[in-house]
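For reference, the structure discussed in these notes is given below.
Atoms within each ligand, like the ligands themselves, are counted from 1 in listed order. Quick caveat, the model's predicted, so the values are computed rather than measured.
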Amino acid sequence: DTSIRAFTYELLRKYGMTTMFGNPGSNELPFLKNFPSDFRYILGLQEGVVMGMADGYALASGQPTLVNLHAAAGTGNAMGALTNAYYSQSPLVVTAGQQARNLMGVEAMLTNVDAAQLPLPLVKWSFEPAEASDVPRAMSQAIHEATLPTPGPTYLSIPYSDWDEETDANMDHLLQRTVEVGAGPHPDQLKDWADVLAQADNPLLVLGPEVDAQRANSDAVELANALGAPVWVAPSESRCPFPTNHPAFRGVLPISIREIHEHLEGHDVILVAGAPVFRYHKNLPGDYLPAGARVLHITGDPRQAARAPFGEALVTSVKQGLAGLVDALNLSGRALPEPVPQTELSPDPPGAMHPENLFHLLNRLAPDNVSYVKEATATKEAFWSQIHMTQPNSYFFPAAGGLGFGLPAAVGVQLAMPERRVVAAIGDGSANYGITALWSAAQYQVPVIFVILKNGTYGALRGFASLLGAEDSPGLDVPDLDFCAIAKGYGVEAGAAHNAETFEYLFQQAMAQNNRPFLIEVSTTF
Ligand SMILES: Cc1ncc(Cn2c(C)c(CCOP(=O)(O)OP(=O)(O)O)sc2=O)c(N)n1
Ligand SMILES: [Ca+2]
């Protein structure tokens, strides 16, 4: 088979991209024709779910991941999920079928007009090849653009009349290509920073998602141990970069200028690694930093360094930056701070569980190597104060706060890590944005344990409503949802829990089966 389609599958095979997430239309069928037996196609019933599953898979595997959507309508449905993938630097190659070249000019049905403009600014690179013979090179470029620093989603619109065109000999070079990224920082670049950190009276570490994405969690532990420094997770946390049971661990920084300033008080040198400076959310203005504080910023993303409002930035591999600092410091290790005291738990009321109690119980019941996908937006403190996470890839949250990530991403993370169990902690509001992911979990026997926290309201918005003096806003309650009935409708076994005993029973039942998903709807307090 000397078609461009067969060559493209060969190229995808070379990069290990044999799992495809998609939802097809007629524009995509010529690409999917003669589907190779060593590829697997994961169908999502709505394109936000397709993108969310692919995002979870790409983040957990760290590998470029192929998405195939239907023209403009499919791309539009996926844009919300793309906001998260863009900010989580997810290496996705998003392809969309385009109408046949001869019908595009008259804008026949299913023409994706100005296709390369459609996903911007939520992709790193977007392209529609000017002729069929450029499709393989464009696919190769999309894969390298998605994976080279700074990683991120790319978009290719491909007219379906291209796939049956013949390849030419020039394309064979693409199968021989290699693309490598150079070494990290020069030791001299870290020497000064190491001296500054070593001489600091009270250094502080703030760690972001790139630390977890680059598996630099243990390098961060070595640095914290060498400095005896407390460690915070950077605000708007989308991953867990540091073991939460380490004595230096303090929690997740708050999400406003004023509150972060308060947490930085007393620290003269603050090292931020693998996060923007900072990903604020709540608008409480104030002075960025305590007087005299120095911020040293290691990031793999030059645009984060460029837009930061303060700090001295070094753009390099975060893992090599942290490891280089540990070597340059050459410290035997200073006394670690005392661990943060455990929060007091209060008894549950009849008929519901406090989120703290639910997470405390979940932490006891879940296996040590569990991986969490979270999208319950009013329970951040409750989760981070109760849940122990010690390994990379233990936590995923929508990086742009675009809801509809949780359920689908949990399916993608579990597909990427079959050796670990995935627990999705999802709010009863968030669950609805990507609810059809339940069907994909059932169809592909993906054993995610979906825990729906049912408090009947958009809890996080109630918090914002009082901050913004908008308590009387409409549309903040989501009563009368029965997630057990919904789950059964999509083929997922489910149970409802109103207390700890029932939750424990249902969770054990879910853990006992490792070839199909289970949903537990838990009534929680707000
Ligand atoms: C796609 C989308 N739509 C709407 C929102 C707005 N939003 C909404 C609707 C939230 C409430 C989520 O409620 P929940 O039940 O999932 O969780 P909590 O009750 O714990 O807040 S938090 C938030 O930012 C969003 N972030 N993303
Ligand atoms: Ca809720």
Side-chain angles (χ1 to χ4, degrees), residues 44 46-52 55 75-88 122 235-238 252 254-256 279-283 351-359 362 372-387 395-410 423-438 450-468 470-471 473-483 486-487 496-498 519-526:
Q46 198 269 3
E47 290 85 352
V49 166
V50 171
M51 190 68 78
D55 191 5
T75 305
N77 283 348
M79 295 277 277
L82 262 182
T83 61
N84 296 316
Y86 184 74
Y87 278 99
S88 63
L122 299 176
S236 303
E237 78 294 348
S238 61
V252 181
I255 49 176
S256 76
R279 201 111 156 91
Y280 302 110
H281 183 164
K282 212 173 8 175
N283 185 17
M353 293 186 76
H354 291 312
E356 290 78 3
N357 295 344
L358 170 63
F359 292 134
L362 184 53
Y372 291 99
V373 177
K374 184 157 183 300
E375 197 173 76
T377 41
T379 56
K380 175 170 105 172
E381 285 69 27
F383 182 89
W384 284 87
S385 65
Q386 300 303 321
I387 295 283
Y395 177 87
F396 298 92
F397 183 88
L403 301 181
F405 168 86
L407 285 188
V423 173
I426 312 290
D428 54 347
S430 297
N432 300 290
Y433 296 89
I435 195 71
T436 69
L438 293 175
F450 299 101
V451 178
I452 307 293
L453 284 81
K454 185 175 176 181
N455 59 13
T457 185
Y458 284 150
L461 295 195
R462 292 215 165 278
F464 271 100
S466 57
L467 175 78
L468 298 167
E471 290 87 342
S473 300
L476 299 185
D477 288 322
V478 285
D480 308 329
L481 285 165
D482 178 345
F483 286 96
I486 292 167
H498 302 277
L519 181 140
I520 307 172
E521 177 197 85
V522 191
S523 299
T524 55
T525 58
F526 172 65

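Of the protein's non-hydrogen atoms, Ser430 OG, 2.6 Å is the one closest to atom 16 (O) of ligand 1. Annotation: atom 9 (C) of ligand 1 to nearest protein heavy atom, Tyr433 OH, 3.5 Å. With respect to atom 13 (O) of ligand 1, the closest heavy atom belonging to the protein is Tyr458 CD2, 3.5 Å. Scanning all protein heavy atoms for the shortest distance to atom 26 (N) of ligand 1 gives Gly401 O, 2.8 Å. Protein heavy atom at the shortest distance from atom 25 (C) of ligand 1 is Leu403 CG, 3.5 Å. When hydrogens are left out, the protein atom nearest atom 12 (C) of ligand 1 is Thr377 OG1, 3.4 Å; that is the closest non-hydrogen contact.
With a heavy-atom cut-off of 4.0 Å, Leu461 touches ligand 1 through its side chain alone. Residue Asn455 touches ligand 1 through its side chain alone, judged by heavy-atom distances below 4.0 Å.
A distance below 6.0 Å separates the ring centres of Phe464 and His281. With ring centers used as reference points, Tyr395 lies 6.0 Å or more from Tyr372.
Nearest-heavy-atom check against atom 14 (P) of ligand 1 across Gly429, Ala431, Gly456 picks out Gly429. For the residues Ala378, Gly459, Gly463, the heavy atom positioned nearest atom 19 (O) of ligand 1 is part of Gly459.
In terms of modelled atom types and a separation under 3.5 Å, the side chain of Glu521 and the main chain of Phe483 share a donor-acceptor contact. Between the side chain of Asn84 and the main chain of Gly402, a donor-acceptor pair closer than 3.5 Å is present.
One finds a salt bridge joining Asp477 and Arg462 here, because a Lys/Arg side-chain nitrogen approaches an Asp/Glu carboxylate oxygen to under 4.0 Å.
Side-chain contact, Tyr433 with Glu375: no donor N or O sits under 3.5 Å from an acceptor N or O. Side-chain contact of Thr524 with Asn455: a donor-acceptor pair under 3.5 Å is absent, judged by distance alone.
Nearest N, O or S atom of Asp428 to the Ca ion (ligand 2): atom OD1.
Ligand 1 places these atoms under 4.0 Å from at least one heavy atom of Thr457: 15 (O), 19 (O). Close approach of ligand 1 to Asp428 (heavy-atom distance below 4.0 Å) involves ligand atoms 15 (O).
What you find for Gly351 and Ser523 is that their closest heavy atoms are O-CB, 3.5 Å. Nearest heavy atoms, Ser385 versus Ala382: OG-O, 3.1 Å.
For the pair Ala376 and ligand 1, a heavy-atom separation below 4.0 Å is found.
Atom OH of Tyr280 sits in a crowded spot, with more than 12 heavy atoms from other residues, nucleotides or ligands closer than 6.0 Å.
The Ca ion (ligand 2) lies at 3.0 Å or more from every N, O or S atom belonging to Thr524. Taking 3.0 Å as the threshold, Asn455 counts as a candidate ligand of the Ca ion (ligand 2), since one of its N, O or S atoms lies below it.
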